[in-house]
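Just so we're on the same page: letters track the sequence lines, and every chain starts at 1.
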Amino acid sequence: MKKEYFESDIGESYVKAVLSSGLKIFVLEKPQYNSSYAIFGTKYGSIDTCFSVNGEETKVPEGIAHFLEHKLFESEDGDAFTKYAATGAYANAFTSFDKTCYLFSCTNKFYENLDILLSFVQSPYFTEATVQKEQGIIGQEIRMYDDSPGWRVMFNMLMAMYKNHPVRIDIAGTVESIAQINADLLYKCYNTFYNPANMFICIAGNVDTERVLKQIKNAIKPSSPLEIIRINDEEPEEIENSYIEQKLAVAQPLFCFGYKEPIKNPERSVKERICSAILMELIAGDTSPLYKRLIDMGLINDEFSSEYFNGFGYSTVIFEGESSNPKKVAEEIKAEVERLKRDGIDKKLFSAIRCGMYGNAIRLFDSVESIAMQMVDCAMTESGLFDEIKYLKAVTADDVYKRLSLLDNDKTVLSVINPISSEE
Amino acid sequence: MSEKLINLADGAEGLFIKTNRFNTTLISFNFFLPLKKETVADYALLPFILTSCSKKYPDFSRLNYKLSRLYGARLDSSAEKYGDYQLLKMTISVINDRFSLDGESLINNAVDMLLRLIFEPNTENGTFLETDLNREKRKAIEHIKGELSEKRIYAKNRLIEEIYNGETYGIPKCGTVEDVEKITGESLYKAWENMLKTAFIRVHVVGSAVPAGFFESISEKFSSIQRNNITDCKASLPTPEREKVHNVEERIDVKQGKLCLGFSSRLYGNDDISLPLMIMTDIFGGGPYSRLFSNVREKMSLCYYCSASTTRQKGLVTVESGIETENAQKAEKEILNQLEIIRKGEFSDFEYESSIKSISESLSSYNDSQNSLDTWYTLKVNNEKIYSPDDIGERIKTITREDIVSAAKGIKLNTVYKLLPRGDK
C-alpha cells in the first residue's frame, strides 16, 4: 500500500492511499463531528457504452451503468438497504455521466456500515428474473424524468450540441435500450468497470484512518488490473443544432444555453476548471453587469444559474433559468462574451469573485458530505483536495481571459421548454 | 454544543448555539407573524426585498459585490408557513476571521450588513422604491407560477389547498399571483413596520462566539420601536376532521400521475405531544424499511415513490406517491391497508427499531450542519423549553409500540388528491 499525507494551512489534512490492486482511498478525519460519510465509487457512467478490454471491443445498451447500480443493492443473502436499516445508517447510490457511487452516512457503527458497503459492492448477483423486474421499475423512473422540465431542458441541449459523444443520451437510457439488458451483459460490465484499479473509496468524518485502511485492505478481493479503453466516435467541434424546443406542462419558459468548448485532450485540469468557473461569474454571475441588466430588463429571476459541465470527452459552459424571452437572454450573453473579448476583464471584479470562491472552498470543509464528494472529484481527475485553494491564490485575470477564446458564439445551443398553450 | 437564551426586547429573543466545529458563523433573524389572506403576500415579499438592497446598498449588484469581498458571505431569505403563522427568515453566514487574508474582520462586516438590511431599507417617505418593488414582485409572481414545473411540489400544495379550503393553513405561503400584484410601496412599508412591531422574533447565532456587542445592538434598535400586539406563534389550530373523505382529481399534460393523501391527527403542537405521531409516520412511510416503501413500492411495484411526512404544528400526515393511472385505485387501497396494519400493531420489531435508529441518527447529524441547527431551533419555538436534537434523541427512545398504535388509530383520512395525465383511463 502506497500512502501519502496532505496538510493545508486552513487546518485540515487527509491521507491518500493506493492499494496494490490500484484501488484509491481518501480519508479525512473530522474527530469533532458526529457523522461520517463514505463513498465507494467506480469510474463508470452512462457515457461508457463502448469499450475495449485486452483488445476485445464491447458495445452495451444505453443506460446499463445506471441499471447495474440498481441491481447491485441486491445480493444473494438479501438487499443492502435491509442491512443498513439494522444499523440506522442512511444509504443511497447514484449514477452520473462518468461515475457510479454507493454511499452511506452515519453517526454510529461506522465500521459495521463500511463492511456492508465493501461487501455488497463486491458481490454482484444478477438473475434473469431480477433483471426483468428492474426493467419495469426503471421504465417508470425514465418516464418520471420525462415529466421534469429542468431535466429535459438540459438533455435536449446536450442532444443538440453533441453529434456522437454518448453524453447526449439520458443517464437511465430509454425503455427500449434497457429492454436489451440481461444478466450476462451486467456481469460483463461489472467485471470490467468494478475492477479495484478503476475504483475509489472516499471517507470523511469521525473515523480512524489507520483502522479504515486496514479494514479496506482486508476486504478488497484480489484481482489483477485491467486496461480499459473507452471507445467513442470522434466528436466534431461543430454543434448539431443551435436551437431545440419542447412543450411541457409549465407556466413559463425554461431555458438552457450552452457553449460547446473545443477540447484537445479528454479531461479538464483543476486550473482549467477554476478559470472557467471564474469566467462564468464574470460573464453572468450575480456581481456582473450583465446579470444586473438581465434582472432589470425582467428577463431572468433567482432561478438563473451557471455550470461548467465537463467530463471525459465533453466540456460545456452552461447558463440556465426561467425567462419570458429565452432568445433575448441568449443574445445578451453572446453580446457580453464579445464585449469581454474586446474590452478585457474588469480586474476589480475578478479579484472579488476570486475572493468569494476562496471563501467557498474553505466553507466546503464544514460538511462531511461535501468533502467526500470533493474527494470523488479528486479520484476522478487525479487531483488533490487542497488544489482548488492553492490555485485560487495563484490564478490571474490573464489566465481567465485566455479561457474566453474557447467560447465561440457560433458553437452555442439554446434549449427551451415552452408551456403547452390551452388550445392544444 | 450548548445553548444560551437572551431576552432582547418584548417578544424578541436571542439564542446563541455554541459549537466549535465549523469554519463559519451563521446568524439568522426569524420573524413569526399571523398568516392572513390580506397580509400574506406583503409579508412574504419582505425577506426578499430587504435582502436585495438597503439605504447603504441601494443596488443589489453592489450588495452582491460586497458579499463576494467578504469571502463569499451568503445572504439567504425565505418565507414559509409555520402552522397558522408566517415565518420570515433572513440569514447571513460568513467564514471565520482567521481565514481572512487581509486581516479585515469578516464577521463584524457581515453583522453590520445584516442589521442595515433589516432595519434601514431603501425607502423614502414611507414607501419602498418603485424599481425595487417591481423587481421583487415580478420575481415573486414567477416563483409562484414556477411551482407548476415541479409536479411533486405542485401536487402537495394542491392537497393542502383542498384539505384547508377556506381555512388559514390553506393560504399559499407567498399568497396568490393576484395578492402579489396588489402590493404597493406603501402597503409593503406598513408590513415592514408591523413586522418590527408585532412579530415574535428569534435571532440565532450558530458558531463559536457571539460577535462582540451583537445582541446589545439589536436591543438598542428595538428600544426605539413600540413593540405591541406581539404574535403568539403557539396557537395553531389542528387539522379539521371530515365525516366524509374529500376526493379531488385533476388532469394535466404529464406522462405520470401523482397520488396524495392527507390525514388529520389530534397529536398536534409541540414535541411533548407530537413525537409518537412523528415515529408512527416514519414507520408508515419514512426510510426504505417503512411499510410504504418496502410493500407498496418494492414488493407490489404500485408506485415509483411513496412516502409519508408529518406537519407537527397542524397534526397533519401526508402521503405522496408517483403512480401510473391504471394503478391509482390499487395504490390508494394498499396505502390505507398498510396504515391498518400499523393500527393493528402488526408491524415488526425490525421496522420499529429501524425507525427509532434512523431518526436517532438523523437527529445526531443535525449537530454537524449549521443550517440544520438553525432550522431545528427555529421550528422548535413552540416548545415550552428549548430541546436540542440530542434531547429529542433521548426522548424518542421512550416511545413504545403502544404509543405508535395509538397514534395510528388516531389519524383520520381527510382528502385524497390525484393529479393524472390527460387522456388516461
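Among A:D9, A:N360, A:I362, A:V368, the residue making the largest number of heavy-atom pairs under 4.5 Å with chain B is A:I362. The most heavy-atom pairs under 4.5 Å with chain B, out of A:S367, A:A251, A:A249, A:G150, come from A:A249. The greatest number of non-hydrogen atom pairs below 4.5 Å with chain A, out of B:K145, B:K255, B:E147, is found for B:K255. Counting heavy-atom pairs closer than 4.5 Å to chain A, the top residue among B:K357, B:R74, B:R135, B:K139 is B:R74. Each of B:L101, B:N20, B:L67 has some count of heavy-atom pairs under 4.5 Å with chain A, and the biggest count is that of B:L101. Options A:V250, A:D286, A:I300, A:D296 differ in how many heavy-atom pairs under 4.5 Å they form with chain B, and the most are formed by A:D286. Counting heavy-atom pairs closer than 4.5 Å to chain A, the top-ranked of the candidates B:V254, B:T19, B:L106 is B:V254. Heavy-atom pairs under 4.5 Å with chain A were tallied for B:S362, B:S149, B:S358; the largest tally goes to B:S149.
Among residues two or more places apart in sequence or in another chain, the ring pair (Phe, Tyr, Trp, His ring centres under 6.0 Å) test is passed with B:Y289 by none.
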message = Could you go through A:S351 and B:R69, starting from their C-alpha distance and side-chain angles, then the distance that decides it, and tell me whether this counts as side chain to side chain donor-acceptor pair (under 3.5 Å)?
response = CA-CA 8 Å; A:S351 138; B:R69 293 268 26 147; 2.8 Å; yes
Criterion salt bridge (Lys or Arg N to Asp or Glu O under 4.0 Å) on A:K292 and B:D59, from CA distance to verdict = CA-CA 9 Å; A:K292 174 161 168 57; B:D59 172 355; 3.8 Å; yes
query = Could you go step by step and tell me if B:R62 and A:T287 meet the side chain to side chain donor-acceptor pair (under 3.5 Å) rule?
reply = CA-CA 7 Å; B:R62 294 302 298 170; A:T287 52; over 6 Å; no
message = Quick one, A:I10 with B:F99, criterion side chain to side chain contact (heavy atoms under 4.5 Å, CB included). Give me CA distance, side-chain angles, the key distance, then yes/no.
response = CA-CA 7 Å; A:I10 65 161; B:F99 299 110; 3.8 Å; yes
request  = Begin from the C-alpha positions of A:R143 and B:E324 and carry the test salt bridge (Lys or Arg N to Asp or Glu O under 4.0 Å) through to its verdict.
outcome  = CA-CA 10 Å; A:R143 283 157 57 83; B:E324 305 289 341; 2.9 Å; yes
request  = Output, in order, the C-alpha distance, side-chain angles, deciding distance and verdict of side chain to side chain contact (heavy atoms under 4.5 Å, CB included) for A:Y33 and B:R21.
outcome  = CA-CA 7 Å; A:Y33 274 57; B:R21 63 187 76 170; 3.8 Å; yes
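Between the side chains of B:S93 and A:R363, at least one donor-acceptor pair of N or O atoms lies under 3.5 Å. For the 3.5 Å distance criterion, the side chains of A:D147 and B:Q256 fail to qualify, holding no donor opposite an acceptor. Residues A:D366 and B:T24 bring a donor and an acceptor atom of their side chains to less than 3.5 Å of each other.
Side-chain contact between A:F365 and B:F22: absent, with no pair of heavy atoms (C-beta onward) separated by less than 4.5 Å. When side chains are defined from C-beta on, B:H143 does not count as touching A:N301, because their heavy atoms never get closer than 4.5 Å. Residues A:I295 and B:F60 are in side-chain contact: their nearest non-hydrogen atoms beyond the backbone lie under 4.5 Å apart. Counting heavy atoms from C-beta on, the side chains of A:S105 and B:E361 never come closer than 4.5 Å. Between B:M1 and A:N34 there is no side-chain heavy-atom pair separated by less than 4.5 Å.
A distance of 14.5 Å separates OH of A:Y84 from OG of B:S354, quoted to the nearest 0.5 Å. For the atom pair CG (A:N108) and OG (B:S365), the distance works out to 11.0 Å, reported to the nearest 0.5 Å. With rounding to the nearest 0.5 angstrom, the CG atom of A:L248 is 10.0 Å from the CD1 atom of B:I252. One finds the CD atom of A:Q140 at 7.5 Å from the CG atom of B:N327 (value rounded to the nearest 0.5 Å). If you take SG on A:C355 and OH on B:Y65, they are separated by 9.0 Å, rounding to the nearest 0.5 Å.
Pairing each heavy atom of A:S288 with each of B:S61, the nearest pair is O-OG, 4.0 Å. The minimum heavy-atom distance between A:S148 and B:E150, with the atom names listed, is OG-OE2, 4.4 Å. Annotation for A:Q252 and B:G146: closest pair NE2-N, 3.5 Å, computed over non-hydrogen atoms.
A:E12 touches chain B through its side chain: at least one heavy atom from C-beta onward sits under 4.5 Å away, while N, CA, C and O do not. No part of B:S369 comes within reach of chain A, as not one of its non-hydrogen atoms sits under 4.5 angstrom from that chain. For chain A, no part of B:E351 is nearby; none of its heavy atoms comes within less than 4.5 Å. Heavy-atom distances place the side chain of B:F350, and not its backbone, under 4.5 Å from chain A. When heavy atoms are compared at a cutoff of 4.5 Å, A:K133 approaches chain B solely by way of its side chain, counted from C-beta outward. A:D146 touches chain B through its side chain: at least one heavy atom from C-beta onward sits under 4.5 Å away, while N, CA, C and O do not.
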